[in-house]
Novice: 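Here it is: the structure, laid out below.
Since the structure is predicted, the reported quantities are computational estimates derived from the model, not experimental observations. Just so it is clear: chains get the letters A, B, ... in the order the sequence lines come, proteins before strands, and each one is counted from 1.
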There are 2 protein chains.
Amino acid sequence: MRGLDFQRKTKVIVVDDNYDHASGIRELINLENEYEVIANAGNANVAISLIKKYQPDIVLMDMNMPEVDGVSAIMRIMELKLDTKIIVLTAYDDPDLIFRAMKLGAKGYILKTMASHQLIHALDEVVQGKIYLPNVLCSRFFDYFQNFEKNQQNKMEEDENNLLNDLTNREEEVLSLLTQGITYKGVAQKLFISETTVKTHVNNIFQKLQVNDRTQAVLYAINKGFLNKQKMKIA
Amino acid sequence: MRGLDFQRKTKVIVVDDNYDHASGIRELINLENEYEVIANAGNANVAISLIKKYQPDIVLMDMNMPEVDGVSAIMRIMELKLDTKIIVLTAYDDPDLIFRAMKLGAKGYILKTMASHQLIHALDEVVQGKIYLPNVLCSRFFDYFQNFEKNQQNKMEEDENNLLNDLTNREEEVLSLLTQGITYKGVAQKLFISETTVKTHVNNIFQKLQVNDRTQAVLYAINKGFLNKQKMKIA
DNA sequence: ATGTGTCTAAACCTAAAGGTTTAGATTGAG
DNA sequence: CTCAATCTAAACCTTTAGGTTTAGACACAT
């Protein structure tokens with residue numbers, strides 16, 4: 001695909017607070033016929049206004065900037081809802097940073113330590129609409145992603161402070177029905193027990209969860225991932 | 001790293017309901033010195049018991065199986081909490097399938113249409129603890145991932161059937177307090193209005209949301225992303 | 001066999017929630 | 001100006017919900 005578009009060069013804006021570094025990247029990119037660095041920005045605010053003005057095809061963004069951090073900068077650029085594609089360029093391979101950048105919609109992620117031809121390759125891939133994430137960073141991302149999701153599901157059981165763990169089986173059943181917005185009478189019918197028994201269970205639940213009413217109990221349950229647990233039991 | 005472990009071969013279990021296909025993969029893998037297919041499984045249940053029994057290093061899993069679907073199978077294998085690594089092998093490059101498999105903890109994802117040496121390469125990468133996701137599938141994943149997160153936030157406003165959109169500003173405020181488990185009296189104090197006024201609002205909310213009590217209203221609100229909306233208003 | 005935990009259930013009470021109707025004040029659109 | 005929507009509020013009522021105490025039946029462990 002490189003060089004097929006004779007109409008115009010691919011417009012790139014470089015965002016980096018280090019002027020020397022930005023200049024280096026600029027020269028490197030301008031060596032390529034199909035790319036053109038149309039502007040440099042030393043901070044996020046300047047970057048935003050330049051992007052609004054020029055609507056570049058690609059923004060190469062350094063992540064360790066003063067004042068506004070890189071993640072916020074990406075967020076603000078994405079909110080513009082332009083066709084501009086963001087490639088992150090940073091010294092850090094921090095999984096959390098990679099995860100957040102990609103989540104927000106970055107199309108590529110490159111380490112500064114990587115060879116310069118990789119930068120050009122990243123540009124090539126991204127202009128074609130692909131994602132550019134080197135294998136090393138890809139693995140980092142997924143380590144974080146999978147553990148993140150896993151933790152979301154399992155943090156409940158692992159949490160010593162989770163009062164839901166004090167509930168008996170029957171109480172869990174009752175709570176499960178409460179989280180569906182069912183009345184005492186309804187719960188009694190579903191569990192084939194009397195309404196007063198349900199009340200007893202509910203009162204015990206309230207004491208164990210240290211709440212005062214069913215709404216708070218339901219909210220506590222939802223926040224602690226109780227619903228996920230119930231779903232898993234069913235499946 | 002290949003061939004450095006003289007102690008034992010890497011144990012692989014192949015899960016595929018198509019016997020011929022499973023056999024083909026088995027032979028292919030057994031050509032490699034460092035790998036050994038120790039078992040085949042034609043369905044998820046057999047697979048689970050074989051995995052429990054042999055605790056293989058790698059499970060190669062076909063996703064289009066009858067009875068139990070591949071995603072559920074992955075979920076059940078992950079629940080065993082073994083060191084077994086799952087590589088998905090399927091004919092489909094459906095982004096949703098890729099996303100769910102990776103989310104659940106799959107370490108690799110290969111299409112059946114891909115060359116056989118890629119399968120071996122995937123095994124090599126995964127035994128080293130890396131993630132194997134070919135560029136095409138990686139892009140598919142991120143397209144889904146980035147839109148997924150975006151959609152989660154915006155699906156509410158876009159939903160024509162979302163009854164929350166019928167609420168007035170004041171009703172939203174009241175509902176917001178209900179979702180914090182606050183009583184009529186508490187809401188009245190927070191909003192500097194009388195308790196009966198709160199009741200009126202709440203009744204209107206119930207009618208608009210077509211529910212009968214506060215618990216159901218709170219659940220409706222949570223399910224439709226009301227809490228996210230409130231958070232966004234703050235930020 | 002004795003105690004502990006769980007599930008069951010009743011009686012009794014108060015507080016809160018929910019349903020209905022009516023209505024005044026304000027605002028903004030036609 | 002008038003209509004509609006919204007926010008406010010009261011009176012009246014019924015139904016749940018929640019709190020407390022007591023207690024029988026069963027299982028399980030020491």
Novice: Given the rule in the side chain to side chain contact (heavy atoms under 4.5 Å, CB included) test, do Ile222(B) and Ile222(A) qualify, once you have shown the distances and angles that lead to the verdict?
Specialist: CA-CA 9 Å; Ile222(B) 291 174; Ile222(A) 290 174; 3.8 Å; yes
Novice: Please report, rounded to the nearest Å, how far the C1' atom of dT16(D) is from the CZ atom of Phe206(A).
Specialist: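 Distance check: Phe206(A) CZ to dT16(D) C1' gives 12 Å.
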Novice: Under 4.0 Å, counting only non-hydrogen atoms across every strand here, what does Thr183(A) touch: a base, just sugar-phosphate, or nothing?
Specialist: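 The residue Thr183(A) makes sugar-phosphate contact but no base contact.
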Novice: Is the shortest distance from a Lys or Arg side-chain nitrogen in Arg76(A) or Glu79(A) to a carboxylate oxygen in the other one below 4.0 Å?
Specialist: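 No.
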Novice: Check every atom of dC7(C), dA9(D), dT16(D) against the side chain of Arg170(A) and return the nucleotide holding the closest atom.
Specialist: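 The closest nucleotide is dC7(C).
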Novice: Under 4.0 Å, heavy atoms only, any strand: does Thr197(A) hit a base, just the sugar-phosphate, or nothing?
Specialist: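 Base contact - Thr197(A) has a heavy atom under 4.0 Å of at least one base atom.
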Novice: Quick one: are the ring centres of Tyr109(A) and Phe141(A) less than 6.0 Å apart?
Specialist: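 No - the distance between ring centres of Tyr109(A) and Phe141(A) does not fall below the 6.0 Å cut-off.
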Novice: Where each residue is assigned the nucleotide of DNA chain D containing its nearest heavy atom, which of Ile182(A) and Ile193(B) is assigned the position nearer the 5′ end?
Specialist: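 On the 5' side of the pair lies Ile193(B).
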Novice: Output the rounded distance in Å from CG (Asp213(B)) to C1' (dT14(D)).
Specialist: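 Roughly 16 Å, once rounded to whole Å.
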Novice: Starting at CZ of Phe192(A) and ending at P of dT8(C), how long is that distance when rounded to a whole Å?
Specialist: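 Computing the Phe192(A):CZ to dT8(C):P distance gives 12 Å.
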Novice: Tell me whether the side-chain N/O atoms of Thr168(B) come closer than 4.0 Å to OP1 or OP2 in dA5(D).
Specialist: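 For dA5(D), neither OP1 nor OP2 has a side-chain N or O of Thr168(B) closer than 4.0 Å.
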Novice: Please state whether the phosphate of dG18(C), meaning OP1 or OP2, lies under 4.0 angstrom from any side-chain nitrogen or oxygen of Tyr184(B).
Specialist: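 So the side-chain polar atoms of Tyr184(B) do come within 4.0 Å of the phosphate oxygens OP1 or OP2 of dG18(C), strictly under.
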Novice: Could you tell me how far apart Asn212(B) (CG) and dA17(C) (P) are, to the nearest whole angstrom?
Specialist: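 One finds 16 Å between P of dA17(C) and CG of Asn212(B), rounded.
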Novice: Measure NE2/His201(B) against P/dT6(D) and give the value in whole Å, please.
Specialist: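 Distance, rounded to whole Å: 11 Å.
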Novice: Please tell me if Thr200(B) has a side-chain N or O lying less than 4.0 Å from either OP1 or OP2 of dT8(D).
Specialist: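 For dT8(D), neither OP1 nor OP2 has a side-chain N or O of Thr200(B) closer than 4.0 Å.
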Novice: Could you tell me how far apart Asn169(A) (CG) and dT8(C) (C1') are, to the nearest whole angstrom?
Specialist: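 It works out to 15 Å between those atoms.
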Novice: Side-chain N or O of Asn203(A) less than 4.0 angstrom from OP1 or OP2 on dG18(D)?
Specialist: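 Looking at the OP1 and OP2 atoms of dG18(D), neither is under 4.0 Å from any side-chain N or O of Asn203(A).
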Novice: Figure out the CZ/C1' separation between Arg214(B) and dT16(D), and round it to whole Å.
Specialist: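 Distance, rounded to whole Å: 12 Å.
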Novice: Quick check: on DNA chain D, is the nucleotide nearest Glu171(B) upstream (toward 5') of the one nearest Glu195(B), or the reverse? Name the residue that is more 5'.
Specialist: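 Here Glu171(B) is the residue nearer the 5' end.
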Novice: Quick one: is the NZ or CZ of Arg100(B) closer than 6.0 Å to the six-membered ring centre of Tyr144(B), and within 45° of its axis?
Specialist: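 Output no; distance or angle outside limits.
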Novice: Measure NZ/Lys199(B) against P/dA15(C) and give the value in whole Å, please.
Specialist: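 Checked: the NZ to P distance equals 14 Å.
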Novice: Strictly below 4.0 Å, N to O, side chains only: are Asp166(B) and Lys208(B) in salt-bridge contact?
Specialist: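 Looking at Asp166(B) and Lys208(B), the cut-off is not met.
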